[in-house]
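Structure, as C-alpha cells:
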Number of protein chains: 2
Amino acid sequence: MSTSPGQTVADLGEHAVIERIRARTPAAPSWVSIGMGDDAAVIEPARNRAEVITTDAFVEGVHFDRAYVPAAAIGHKALAVNLSDLAAMGAEPRAALLSLVLPGAMPVVEFDAMIGGWLALAHRYDVTLIGGNVSRSPGPLVLDVTAMGAVKPRRVLAREGAKPGDSIYVSGCVGASYAGYLSRRRAGATPPEAAPGLEGQPTGDRGLDECAARFLLPDPRVRLGLLLGRNCVASSCVDLSDGLGDAVRQVTGASGVGAEIDGDAIPVPEAARRWFEEQEGLDALEAAVSGGEDYELLFTVPARRRRALASVLPLTGGLPCTRIGTITADRSLVLTRRGAKAALPAGFTHFR
Amino acid sequence: MSTSPGQTVADLGEHAVIERIRARTPAAPSWVSIGMGDDAAVIEPARNRAEVITTDAFVEGVHFDRAYVPAAAIGHKALAVNLSDLAAMGAEPRAALLSLVLPGAMPVVEFDAMIGGWLALAHRYDVTLIGGNVSRSPGPLVLDVTAMGAVKPRRVLAREGAKPGDSIYVSGCVGASYAGYLSRRRAGATPPEAAPGLEGQPTGDRGLDECAARFLLPDPRVRLGLLLGRNCVASSCVDLSDGLGDAVRQVTGASGVGAEIDGDAIPVPEAARRWFEEQEGLDALEAAVSGGEDYELLFTVPARRRRALASVLPLTGGLPCTRIGTITADRSLVLTRRGAKAALPAGFTHFR
C-alpha cells in the first residue's frame, strides 16, 4: 500500500489503519466462520483438542525501545513471545488477535513495517489473524497479542510435572538475547535498515550479530514443543521469557521440587560470553542466566524417557538441546560452577 | 488483602500483584484444565458450539480518566466492553484473559478496587479468569481484555444479515452514557467514594445520576443477545460501543443496504436530553446518536420474526427495545426529525 512521506497513523485514521492490516491478511481457513470486522471472531474449535490461550503485552519503554528495535522486529517479537508460550505447552498455534495502542505520531512506514513483521511470523507458523482492536495511545506504543493453539488433552506440557531424578534440558543457547540487547542498546539509535537479522549491514562481529538477531527476531520453539508433547518426552516445560534462573524457579516451584544446575554446562554462546566479560562488573554466567528474552524451552525428562528424547531430537531441524542439571527432592536451588556451589540468579521481574 | 497506606504496585512487585489477583479469583470450573499460572491456559471447548473471541483495550487518557472514573468502574468497564461484543454475537460468555499495563505509582488500594470491579462483573456473568499478564507502564494505565464465549454455529448474530424491509431496534436508551460522561468530566476530580452508581452520594439530579451510572458501570446486554440469537429473532446485530450512528453504518455497510431512522423514536432519556440542551452548541439528538459508549444492542428483525421478538422481550428482565427505523434497499442513510430529513451523525473514531 502506498503512503506519502511523513504520513502518520493519525493522518490515516482508525478505519484506514484497520483496513491497512486487513488488506495484507491472507484469506482465512474454513474453521474461521467470522474473522476480522464483526464485533467478535467466530471459530470452530479443533476436533478432539483442548484449547491453549495466552496473552502478552509488548510495551514501548519497557520491553522495547524504538531507537534500537526496528519496527519489523517489534511486530515479530510481539507475536513471538506469545507463540513461545504456546510452544511451552506443546500446543500447535492456530489463531491470534492483535490489540494495538498506537501513538498518533507513529509514521505509517513504521506501522507498515511493524505489521509486516507480525504477519511474516504468523505466516511462518500458520497463525490466522482473526481479530483485534486499534486504539490511540497518549504515551507508549503497546501491542497486546492473544494467541490460541490446540493440543491433545493428554499431551499438554505443564510446568508442574517435574520429579526428583528427572534431567533438566534447555534448547538452543542462553544469554544470546541479553548480549544482543545490551550491544544494540549501546549502539543506540540505529536506522531500521541497519538492523542485523533484518535487511541490514552487520556490526563486524559475526557472533554478536547473531546475538542481536536472537534479541530482535527470536524464533519460538514451536516444533520442539510439539515434539516433546506428542511423544510424552517431557514431564514439565516452560519457556525462558524471563531468564533461565526464573524458568528453573517456575518449574521447581510448581512441581514442589528443587534443582541442581551445572553452570558449566549452560550453553552460553562464545560471542555473548566474551561480550559480557568485556563489560565492567558483569559476571558472564550470571548475566546469561538472569538476562531473559531467550524464548528457548526449559524442560525436564524422566530417565525412562531419555531414549524417546534422543529419537525426537533429530527432528527439531538442527536445534540443539543441552542437559544442564537434575531435579532434586530437596527443594533448594543449587548452581555449581567449576565444582563450587553458587546461588541461582533470579530472572527479570517488572517493577523491580 | 491488607495494604499499608500509600503503598504502590511498584512497592508490591510483579509476583505479588499477580498473587493479589489470584487470591480473589474463585475456583475454576471443570472445563478449565490449566488456569492462571502456567505459560498459557488450557480449556475444553464447549461441546457442539462455535467459539466467539474478542479483545478490546481500555486506555487511560483515551477511554477513561482516573480523575472522574473510579477504579472499580475502570475494572468493570474494561470487561463490560468485551462482554458487550460477545452479546452482539449472541454468545454466552465463558472465559477471559486480563492483560494489565500498570504505572508503578498506582496505589494498591486503587489497584484492588479496579480488580474488584472486574471480578464482580465476571462473577455476574459467570466469566472465568483463565490467565493474563502484568507489565509495567511508562505512561498510561492500559487494561486489555480478551473475552471468549460459546454459541451454536447457526445461532450466531453477524452484522451482515440485514435485508430491506427489516425493522431496526435498539435496546435500552441512547445518549445516557455520553451525558453521564460529560457531566462527570465537568464535575472533575471526584473522590471515588462519591461516584454515583457505586457507593457514593448522588449529585442531586436523579436522572443525571442514572446517566452517570450508565457511563461508569454499563451492563452488557448478554441476556438479550442470547435471546435474539437462540430464537433466530434478529437478522443482524451490533453493539453501540461507538454510538448509534456508527452502529447503523456497521450493519448497513456489512449488509449492503441502507436505513431510514426515525429520530423522534430514538429513546434518549429525559435527563440526558435536558442536559444536552443546556450545553451551548449541542444538538440533543445529534449528541445522543454520536456519543457512543452506550453498550446497547442495535438489531434488525424481519417482518416474519416480529412475533418471535414479542415473545422473547418479556424475558429480558425489563430491558425495553424500541423500533427506530427500517432497512432500505437504497443504500443511503436517512434520519427523519419531525418529518424533515437530516444526515445521520457518525460515531466516535480514534485519531479523529
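These numbers come from the heavy atoms of this one structure, side chains and all, not from hydrogens, waters or symmetry mates. In this text the structure is predicted, and so the values were computed from the model without any measurement.
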Per-residue tally against chain B (heavy atom, under 4.5 Å) across A/Asp38, A/Leu98, A/Ile130, A/Leu97 peaks at A/Asp38
Kindly compute the distance separating CG (B/Asn133) from CG (A/Asp56), expressed to the nearest 0.5 Å. 4.0 Å
Do A/His63 and B/Ser135 have side chains that get closer than 4.5 Å, going by heavy atoms? yes
Atom group of B/Val42 that falls short of 4.5 Å from chain A, counting heavy atoms: both
If we only count heavy atoms from C-beta on, is the A/Pro153 to B/Glu44 side-chain gap below 4.5 Å? yes
At what distance, to the nearest 0.5 angstrom, does CZ of B/Arg159 lie from CD1 of A/Ile34? 9.5 Å
Please check if any side-chain donor atom of B/Asp144 sits under 3.5 Å from a side-chain acceptor atom of A/Ser99, or the reverse. yes
Okay, B/Val238 and chain A: the region with an atom under 4.5 Å from a heavy atom over there is both
What part of B/Val101 gets closer than 4.5 Å to chain A, counting heavy atoms only: side chain, backbone, both or neither? side chain
Using modelled atom types and a 3.5 Å cut-off, is there a donor and acceptor pairing between side-chain atoms of B/Thr54 and backbone atoms of A/Asp39? yes
Among the options A/Gly149, A/Pro45, A/Ala254, A/Gly131, pick out the one with the most heavy-atom pairs lying under 4.5 Å from chain B. A/Pro45
Is there side-chain contact between A/Ser137 and B/Val62, with at least one heavy-atom pair below 4.5 Å? no
Nearest heavy-atom contact between B/Gly61 and A/Arg136 is O-NH2, 4.0 Å
Please rank B/Gln250, B/Arg49, B/Glu160, B/Met148 by heavy-atom pairs under 4.5 Å with chain A and give me the top one. B/Met148
At a heavy-atom distance under 4.5 Å, which candidate from A/Ala46, A/Gly139, A/Ala50 has the highest pair count against chain B? A/Ala50
Tell me, side chain or backbone of B/Ser33 under 4.5 Å from chain A's heavy atoms, or both, or neither? neither
